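In what follows, a single structure is set out as structure tokens and then discussed.
Model, not experiment: these values are computed from the prediction. Naming: A, B, ... by sequence-line order, numbering from 1 per chain.
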Amino acid sequence: MSEHEDTAGLEDHRLTAVRLAKVEAIRAAGGDPYPPNFGPNATAAGIAEAHGDLADGEESGVEVVVAGRLMGLRHVGKLAFGVLQDGSGRIQLFSVATRLGSRFDDFTDLDLGDLVGARGEVIKTKRGELSVRVDEFTLLAKALRPLPEKWHGLQDVEKRYRQRYLDLIVNEDARAILGARSTTIAALRDSFERRGFIEVETPVLQPIASGAMAKPFETHHNALDTDMYLRIAVELYLKRLIIGGVDRVFEIARTFRNEGVSPRHNPEFTMLESYQAYADYYDVMDLIEGVIGEVALAVCATTDLTYQGRPMPLGGPWPRLGYVDAAAAATGIDWDLGMPPADARKAASGLGLEIDDAWGVGKIVAEVFEEHVEPTLWEPTIVMDFPVEISPLARRHRDDPHKAERFEVIAAGRELANAFSELNDPVDQRRRFEAQLEARAAGDDEAHPMDEDFLRALEHGMPPTGGLGIGVDRLVMLLTDQASIREVILFPAMRPES
RNA sequence: GGGCCGGUAGCUCAAUCAGGCAGAGCAGCGGGCUUUUAACCCGAAGGUUGUGGGUUCGAUUCCCACCCGGCCUACCA
């Protein structure tokens with residue numbers, strides 16, 4: 001195959017044809033437009049830190065070798081000013097025809113987007129721009145396609161998601177969010193590890209989609225000839241590890257749910273789940289408040305954030321509301337999980353909610369809560385003591401059999417974290433699964449499936465345990481002030497092109 | 001899934017309301033300039049107006065269908 005057959009039409013477009021021709025010219029002159037390596041010894045940020053205090057027109061006497069992408073090029077007679085962008089920032093390449101000789105024309109012939117290496121002394125120009133005064137430069141990789149507009153960047157949302165590399169090249173915000181996400185993950189890991197939690201990895205492919213109530217992605221394992229599901233949670237696997245004696249365990253788990261796509265939902269997302277033996281949900285409240293505070297400090301250097309124009313104080317302790325009490329306060333109806341379901345249904349219908357006849361009081365109150373309470377909670381709030389009916393994996397409340405020792409952290413009107421005193425009574429767990437099977441039979445296709453393998457593990461004895469799940473993407477949204485989950489996921493789910 | 005909005009040069013945007021030669025800036029090309037900072041000046045280029053139909057003498061513009069995206073909504077974390 002000749003190297004021309006695979007240019008995919010690039011030679012047909014005037015902008016790319018010019019660049020292809022430059023590649024050919026370089027090769028014809030014995031050069032390599034794609035050399036195998038290069039050895040930079042300085043970064044834009046490092047140079048700024050070391051030499052930022054040079055006076056205008058002053059020379060540092062220090063020679064550096066830098067590498068990056070050419071983002072700007074201003075040709076002024078026998079001078080040329082290039083803008084080199086590397087992973088740390090930008091530095092000007094100051095080229096002087098009298099120093100570069102015949103190579104000066106090659107420098108001005110570079111295209112925006114080319115990857116370039118340069119060697120020269122760090123100086124500050126007369127106009128005060130810190131620069132590398134180029135004595136030698138090398139084309140490190142020819143860019144055949146033009147960059148988006150240098151001032152406005154890439155605005156087209158679809159292109160920004162599909163071609164995230166362009167977004168990262170030209171939009172500083174995109175790079176900042178990527179960095180904040182990385183810092184968030186590192187800070188979460190650090191917070192849990194310092195508390196003695198061990199990080200593990202459990203199956204993504206599971207024979208039963210357990211641990212949450214959601215529609216899974218289905219797939220098939222050919223060699224085992226068995227249907228499998230992409231995990232919707234890691235809960236039951238981490239509890240197996242608690243049973244196995246791993247007393248503090250966590251996983252940063254990519255999780256998959258075959259549900260709608262929205263500014264707050266991506267079919268694959270990241271959840272951190274942790275389990276702590278001998279702890280109850282009160283211990284977990286302290287844990288989540290501590291962890292979120294630490295992460296906010298690591299990422300934002302403060303816990304007093306602004307989210308979408310409104311104050312978002314992440315520092316704990318957070319207010320704690322009773323789940324049923326909050327529903328009552330919001331609607332003026334004296335909800336009681338022990339009330340006759342018909343009464344609850346009537347009251348909820350009076351609020352304009354559509355209630356399925358098969359629902360129990362717990363599910364009805366949950367509907368009321370999600371409609372009338374959750375959207376109104378802006379600052380982080382712990383809502384505790386959920387209906388046991390909608391909490392099949394949580395321990396029954398020590399004082400009220402209708403409730404579970406479960407809480408969620410609500411922030412900006414949506415769930416940020418979900419936690420409970422874990423259910424470790426295997427007989428009760430079996431009954432809860434059976435109740436879920438009944439709900440499934442009644443038409444709830446997100447009811448939790450029976451999991452005999454997990455029950456067998458529970459029957460060996462699980463210590464009292466506090467469990468926690470944190471929506472990592474949503475946490476990053478809060479920390480970076482982003483309204484859409486797609487802004488904090490590098491490659492959000494999209495329909496295939498064409 | 002439903003509703004609303006959008007898709008024009010490589011990129012950022014005009015023109016669409018009320019049908020009449022589709023324009024500009026950046027990028028690219030040619031030329032000039034020894035201190036630029038979105039450099040500037042001169043010149044010449046660059047278009048299947050998302051796709052396919054329809055109405056019309058004439059469609060980027062009006063109509064229909066479809067594709068892709070955004071927001072809202074539904075499901076959910």
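Against RNA chain B, the stretch residues 151-170 of chain A makes heavy-atom approaches under 4.0 Å through A:W151, A:H152, A:G153, A:L154, A:Q155, A:D156, A:V157, A:E158, A:K159, A:Y161, A:R162.
Nucleotide B:C21 forms no Watson-Crick or G-U wobble pair with any nucleotide shown, as no partner meets the under 3.5 Å limit on both distances. Of all nucleotides present, only B:G50 satisfies the Watson-Crick or G-U wobble test against B:C66, with each distance under 3.5 Å.
Distances were taken from every side-chain heavy atom of A:K215 (C-beta onward) to each of B:U34, B:U35, B:C75; the shortest belongs to B:C75. Counting only heavy atoms from C-beta on, A:P263 has its side chain closest to B:C72 among B:G69, B:A77, B:C72. The side chain of A:E446 lies closest to B:C75, out of B:C33, B:C75, B:G10. Nearest nucleotide to the A:L79 side chain, out of B:U34, B:C72, B:U37: B:U34. Side-chain proximity of A:P146 to B:A74, B:G10, B:C72: nearest is B:G10. Comparing atom distances between the A:V76 side chain and each of B:C71, B:A77, B:C33 picks out B:C33 as nearest. Minimum atom distance to the side chain of A:F94 is reached by B:U35, of the listed B:U35, B:A77, B:U73. Candidate nucleotides B:U34, B:A77, B:U35 were compared by shortest atom distance to the side chain of A:T98, and B:U34 ranks first. When distances run from any side-chain atom of A:E149 to the nucleotides B:C68, B:U35, B:G25, the shortest one goes to B:G25.
The distance from atom CD of A:E408 to atom OG of A:S391, rounded to the nearest 0.5 Å, is 8.5 Å.
Identified under the side-chain hydrogen bond (donor to acceptor under 3.5 Å, both in side chains) test for residues 66-94 of chain A, with sequence neighbours left out: A:R74-A:Q92, A:Q85-A:R90, A:D86-A:S88, A:Q92-A:S131. For the side-chain hydrogen bond (donor to acceptor under 3.5 Å, both in side chains) condition, no pair includes a residue of residues 363-379 of chain A, sequence neighbours left out.
Residues satisfying the salt bridge (Lys or Arg N to Asp or Glu O under 4.0 Å) criterion with A:E63, sequence neighbours excluded, are A:R119. Remark: A:D105 engages no residue in a salt bridge (Lys or Arg N to Asp or Glu O under 4.0 Å) (not counting sequence neighbours).
We find that A:R99 and A:E121 are not joined by a salt bridge, their nearest charged nitrogen and carboxylate oxygen being 4.0 Å or further apart.
In terms of phosphate contacts, A:R495 brings a side-chain nitrogen or oxygen within less than 4.0 Å of OP1 or OP2 of B:G69.
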Can you check nucleotides 28-30 of chain B for protein contacts, nitrogen or oxygen pairs under 3.5 Å, and list what you find?
from, atom 1, to, atom 2, distance (Å)
B:C29, OP1, A:K22, NZ, 2.9

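Rounded to whole Å, atom P of B:G10 lies 16 Å from atom CG of A:L20. The distance between atom CG of A:D105 and atom P of B:G32, rounded to the nearest whole Å, is 10 Å. One interatomic measurement links the two molecules: CZ of A:R133 to C1' of B:U34, which rounds to 13 Å at whole-angstrom precision. Whole-Å rounding puts the A:I232 CD1 to B:C75 P distance at 18 Å. For the pair A:R74 CZ and B:U37 C1', the interatomic distance rounds to 4 Å; values are reported in whole Å. Remark: C1' of B:A77 and CD of A:E370 are 11 Å apart, rounded to the nearest angstrom.
Cation-pi geometry between A:R103 and A:F137 is met: under 6.0 angstrom from the ring centre, within 45 degrees of the axis.
Ring pair A:F386/A:Y323 is tilted by interplanar angle, where 30° to 60° counts as tilted.
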